[in-house]
Amino acid sequence: MQKKSYAPESLMMSYGYNASEHQGAVKCPLFQTSTFSFNSAREGKSFFELAYGLRKPDKGEEPGMIYSRVNNPNLELAEQRLKLWDGGEDAAFFASGMAAISTMMFTFLRPGDILLFGSPVYGGTDHFIHHVLPQFGVRTLMFTSEETEDDIRALLHAKYPGEVPSFIYVETPGNPVNNLIDIEMCSRLSESFVSGDKKCLLAVDNTFLGPVFQHPLKVGADLVVYSATKFISGHSDLIAGACVGSKNIIAGIKAMRTFLGSMLDPHSSWLVMRSLETLKIRMERQALSAIKVAEYVRNHPKVETVHFLGFLEESDAQKKVFDKQCDGTGSMISFTISGGEAEAFRFLDNLSLFKLAVSLGSTESLAEHPATMTHIDVSAEDRQRLGIHPNLVRLSIGLEDPGDLIAAIEEAFNHV
Ligand SMILES: *Cc1c(COP(=O)(O)O)cnc(C)c1O
């Protein structure tokens with residue numbers, strides 16, 4: 001039987017790399033170099049003409065290497081492999097998730113434009129939207145997972161009558177209580193927002209479930225964004241970000257990246273390739289352990305509410321969204337402990353095995369206190385509305401034995 005295409009996990013060790021071109025090295029060598037020498041002045045001229053779009057590539061011609069802010073073999077190979085997971089035509093890696101998000105927004109937003117965004121978003125993104133974009137004349141409109149398509153259209157009409165957004169940005173599942181935003185609904189909105197020949201684009205921050213358990217491009221998104229610091233790298237040893245989408249959209253973002261200088265460096269790109277080889281097995285195992293930990297936490301008498309995608313009730317509208325766009329429940333759990341900040345702190349201070357640290361999606365389990373750490377910058381009113389209470393604790397489940405993690409949690413509860 002001839003198989004037409006392999007699954008992404010089958011391609012992470014080989015795709016785009018030919019060992020015979022590199023003395024048989026099974027792994028792609030690290031190209032720790034800032035610049036690349038040309039064989040002739042004519043060749044250098046030809047590479048530059050292509051890089052600056054001054055001529056079309058010849059049939060089958062790949063852009064030649066020039067300078068590591070523009071291109072680098074490690075960066076490009078990591079991008080070719082990442083795109084396979086989301087079914088995108090191309091991908092771009094950045095120095096951080098925030099570099100990916102800000103470069104993408106600067107590529108598509110212009111003074112006077114309206115950005116429609118779903119709340120909550122990551123703290124850094126929230127700050128960028130509220131405090132940086134307005135300095136460039138970009139107007140914004142926020143909605144939440146509670147609002148329907150009609151509600152959002154009504155909000156838009158009330159704030160900007162007769163105008164349409166040129167960019168939609170959502171993060172789903174949302175941090176830290178796993179609210180889901182319907183990507184298909186956002187795609188319907190973006191398709192209806194046409195002004196002149198300008199198309200409204202929809203971007204989804206897929207950091208929490210992707211690229212294994214959620215594929216936004218397949219349900220109508222134009223762009224997927226990642227903090228690759230989290231699951232994609234997965235070892236808490238580097239900072240990176242990424243965008244995935246069509247060739248055309250990514251080409252625009254890469255052009256902006258060249259001039260902002262926000263690309264990923266060769267060594268981190270090399271480490272990302274190492275991580276992509278184990279991405280699926282890590283995410284699957286972490287998700288299996290998270291189910292066991294979440295079950296234990298849910299049954300603990302000192303726990304009030306558990307926010308975990310595996311516990312959505314059939315009657316909950318969020319369950320319908322989950323069934324449409326998620327292929328797994330992930331490994332993020334948050335829960336409230338009876339009491340307040342003092343009880344949450346006693347739990348965290350007595351929790352062994354977990355690291356008391358922000359970030360998520362790594363091999364080691366992490367625990368943090370959203371109200372005073374990741375979400376301290378969110379207004380008290382928004383924290384209340386989003387369920388970020390003083391007694392809320394967030395866990396990211398890693399690769400330790402789930403029985404050991406549960407034992408550590410049980411012991412920590414004994415101190416509360
Ligand atoms: C961490 C994170 C970011 C920011 O990424 P950095 O790599 O820290 O710059 C953006 N979005 C989400 C959902 C995140 O968790």
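Numbers for residues simply follow the sequence, beginning at 1. Indexing begins at 1, ligand by ligand and atom by atom, following the structure's order.
The contact shell of ligand 1, taken as protein residues with any non-hydrogen atom closer than 4.0 angstrom, comprises Ser96, Gly97, Met98, Ile101, Tyr122, Glu171, Asp205, Thr207, Phe208, Ser227, Thr229, Lys230, Ala240, Leu360.
A donor atom on one side chain and an acceptor atom on the other are found under 3.5 Å apart for Thr374 and Glu368. Asn74 and Ser269 are not linked by any side-chain donor-acceptor pair at a separation below 3.5 angstrom, with hydrogens and angles left out of the test. Between Ser275 and Ser233, the side chains place no donor N or O within less than 3.5 Å of an acceptor N or O (distance only, hydrogens not considered). Judged by distance alone, the side chains of Arg153 and Ser192 do bring a donor and an acceptor atom under 3.5 Å apart. Neither side chain, Asp205 nor Tyr122, offers a donor N or O lying under 3.5 Å from an acceptor on the other.
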Just list the side-chain donor-acceptor pairs under 3.5 Å for residues 308-318, sequence neighbours left out, or say none.
unit_1, atom_1, unit_2, atom_2, d
Asp316, OD1, Gln318, N, 2.9
Gln318, OE1, Leu180, N, 2.8
Gln318, NE2, Leu180, O, 2.9

